[in-house]
Amino acid sequence: MNIPRLVISGLSGGSGKTLLSLGLARAWARQGLVVQPCKKGPDYIDAAWLALAARRAAANLDPWFLPPEALRTQFARACGRTAPAELALIEGNRGLYDGRDVTGSCSTAQVALTLSAPVLLTLNCAKMTRTAAALVAGITAFEPDLHVAGVVLNNVASPRHATQVRQAVETYTDTRVYGELPRLSANPLPERHMGLSLRHAAPEQDGVLERLADYAEEHVDLPGLLDLARNTAPLPDAGTKAPACRNAADGEPRPRIGFVRDDALWFYYEENLEALTEAGAELVELSVLDPAPWPALDGPDGLDGLYLGGGFPELYAREIAASPHLADIRALSEAWRPVYAECGGFMILCRALCGDAGEVPMAGLLPARTRFFPRPQGLGYVEAVTVGQNPFHPRGSVWRGHEFHYSRCEMPSDDPAGFALRLDPGTGMGRFSESPAEKAQGHDGLCVRNTFAAYTHVFAPAAPHWALNFAAAARTARTTRDRAKHALPGETAP
């Protein structure tokens, strides 16, 4: 499968790769190219900006979640969504070779090697000239099998500075310089999550992306980069089949699963939504911030399940507390409809959210409060062992996810017996054991009726049971509801 592709990376976080990636994605999209944006994950915020820039849903690529063949398949599937992509732009994270360990596992370099993709390096050249050539020489020689095909010189102070650095790189290395980006007076995305709005038209977002596209077009060799991406070898061992998902069988009801996507909750992997659809579910987009009514619980278009993703509920705590949809969420849970909540969604299901606004009441479905802190309370990859019964993750299943939360769970009891997941690595809702063998293990996942909530974010392709079980539980709820609706007087639906 021949998919033109290009990986954008840097020496570290803050190298300028996000601004360059956004500028390139929007510049090529407005030229009429179908650009598939990808983010080396796990990531929601940069992925959302990439999707806005390319005008196409972003894909998550992460070797922690998927082995090489599955990663290639996932990449090919993303590029084949709706209109086939003419170009895939993959933004890395951190430094090119930075991974989980000394071997660089799960690094951007590993993604590039898996996809046989050329790498474009963004190099922050502030206060350096000839040293830039030494850095490029070291990067290109460090992993001989990796194709570091070019460099964009970022943060150059003047045309003279740009010329000096370009000459040094071209004199001492064989790496092509594809452009020089002048120093910007201010970062156009200082708080990337604060610039994203899903409730209101945000022309300022589009304005930022248009300015970045102009910036890229003026200072970067876009035709040369397009030729580089197009001259990449065919993707090895790639298919488009999703082995873990299936469509609903003939005659099976198609359950309706709602998912909240608004300014408070919007952390959803496109792959998760696709997996639920392929498992037979019909997805219904909702909001907890918009007072517009949700489908009636037992109406003809009623919801059979609910998915609450992550986000920033702490920024909208008062609005959420006043929302009529907290009652809708409670009604769904009390009717034993499957409800799945992760991170921000979990915070909404608790008794209260404690932060700068004081203690604000939430849905009250779980016997916990969450308290917001200025620093992360859980961060990084997790491996979960399912130890408690729930509708979504079979007991004994082992699956991978990630966590990134600034809030901490406060429980009336520190007894880990009530948690459905044991994390190693991971923090989750807390580490409670005093045993040396277990004190590094986190505990996560609370389950009430068919409602499950955890700090851990799931990535459906890495936990193939999740979407199938979610859709199956929602289908059972719909079947039970339909039988009750059509039961004769005096009969009880099974």
Side-chain angles (χ1 to χ4, degrees), residues 40-45 60 62-67 93-94 98-103 105-107 267-269 271-272 308-311 313 340-347 349-350 366 368-390 392-411 413-447 451-466 469:
K40 192 279 173 192
D43 189 280
Y44 294 105
I45 296 173
N60 183 80
D62 196 329
W64 166 256
F65 290 137
L66 299 173
N93 76 333
R94 301 196 178 188
D98 297 332
R100 296 188 68 241
D101 50 36
V102 71
T103 67
S105 64
C106 303
S107 65
F267 287 4
Y268 296 95
Y269 288 122
E271 292 85 352
N272 289 15
L308 302 173
Y340 194 90
E342 49 191 8
C343 202
F346 154 62
M347 296 167 69
L349 296 187
C350 290
L366 300 174
R369 289 176 170 81
T370 57
R371 186 173 301 277
F372 198 76
F373 290 85
R375 295 181 179 277
Q377 302 300 298
L379 172 64
Y381 293 126
V382 307
E383 186 161 85
V385 178
T386 308
V387 295
Q389 192 66 36
N390 69 91
F392 306 94
H393 301 290
R395 182 178 290 175
S397 62
V398 180
W399 51 280
R400 290 181 168 185
H402 66 95
E403 61 180 333
F404 184 64
H405 51 98
Y406 283 76
S407 68
R408 183 185 298 168
C409 175
E410 297 180 348
M411 297 281 290
S413 169
D414 288 344
D415 180 6
F419 295 99
L421 304 177
R422 188 173 67 246
L423 307 180
D424 188 7
T427 301
M429 296 178 183
R431 297 188 176 109
F432 306 114
S433 176
E434 296 301 325
S435 165
E438 297 179 358
K439 67 180 180 181
Q441 296 178 347
H443 294 86
D444 205 6
L446 295 175
C447 193
T451 296
F452 176 92
Y455 272 125
T456 298
H457 291 276
V458 67
F459 183 63
H465 57 265
W466 173 78
N469 287 344

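The figures here come from the full heavy-atom set of this structure, side chains too, leaving out hydrogens, waters and symmetry mates. Computed from a prediction, not measured in an experiment: that's the story for all the values here.
- Here the side chain of Asp62 pairs no donor or acceptor atom with the backbone of Asn60 at under 3.5 angstrom.
- A pairwise comparison of heavy atoms in Cys106 and Arg100 identifies SG-CD, 3.7 Å as the closest pair.
- In this structure, the side chain of Glu342 engages the main chain of Val458 through a donor-acceptor pair within 3.5 Å.
- You'll find the side chain of Phe346 reaches within 4.5 Å of the side chain of Met429, heavy atoms only.
- A distance of 9.5 Å separates CD of Gln377 from CZ of Phe372, quoted to the nearest 0.5 Å.
- Note on ring orientation: taking the six-membered ring where Trp is involved, the planes of His402 and His457 are parallel (angle under 30°, cut-offs 30° and 60°).
- Between Glu271 atom CD and Phe65 atom CZ the span is 10.0 Å, to the nearest 0.5 Å.
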Evaluate the ring pair (Phe, Tyr, Trp, His ring centres under 6.0 Å) criterion for residues Phe267 and Tyr269: first the C-alpha distance (whole Å), next the side-chain angles of each, then the deciding distance (0.1 Å), finally the verdict. CA-CA 7 Å; Phe267 287 4; Tyr269 288 122; 9.1 Å; no
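- For the atom pair NE2 of His443 and CZ of Arg422, the computed distance is 7.0 Å after rounding to the nearest 0.5 Å.
- For the pair Pro63 and Lys40, the minimum side-chain heavy-atom distance is below 4.5 Å.
- Annotation for Tyr381 and Pro425: closest pair O-CG, 3.7 Å, computed over non-hydrogen atoms.
- To the nearest 0.5 Å, atom CG of residue Leu308 and atom CG of residue Leu349 are 5.5 Å apart.
- In this structure, Asp444 contributes its side chain and Leu421 its backbone to no donor-acceptor pair below 3.5 Å.
- The aromatic ring centroids of Tyr268 and Tyr44 lie 6.0 Å or more from each other.
- Taking every heavy atom of both residues into account, Pro461 and Leu66 meet most closely at O-CD2, 3.7 Å.
- Across all non-hydrogen atoms, the minimal contact from His465 to Pro394 is CD2-CD, 3.4 Å.
- Taking every heavy atom of both residues into account, Phe404 and Cys343 meet most closely at O-SG, 4.0 Å.
- In this structure a side-chain-to-backbone donor-acceptor pair under 3.5 Å is missing from Glu410 to Arg369.
- To the nearest 0.5 Å, the span separating SG on Cys447 from CG on Leu366 amounts to 9.0 Å.
- With respect to Trp466, the ring-ring contact (aromatic ring centres under 6.0 Å, His included) criterion is satisfied by exactly one of Phe459, Trp399, Tyr340: Tyr340.
- For residues 375-386, every residue pair satisfying the salt bridge (Lys or Arg N to Asp or Glu O under 4.0 Å) rule, not counting sequence neighbours, is listed here: Glu383-Arg400.
- The closest donor-acceptor contact from the side chain of Glu403 to the backbone of Gly426 lies at 3.5 Å or more, if one exists at all.
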Determine whether Phe419 and Leu446 satisfy the following criterion, side-chain contact (heavy atoms from CB on, under 4.5 Å), listing intermediate values before the conclusion. CA-CA 5 Å; Phe419 295 99; Leu446 295 175; 3.7 Å; yes
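- In plain terms, the two heavy atoms of Ala384 and Leu423 that are nearest each other are CB-CD2, 3.7 Å.
- Between Tyr455 and Ser407, the side chains place a donor N or O and an acceptor N or O closer than 3.5 Å (distance only, hydrogens not considered).
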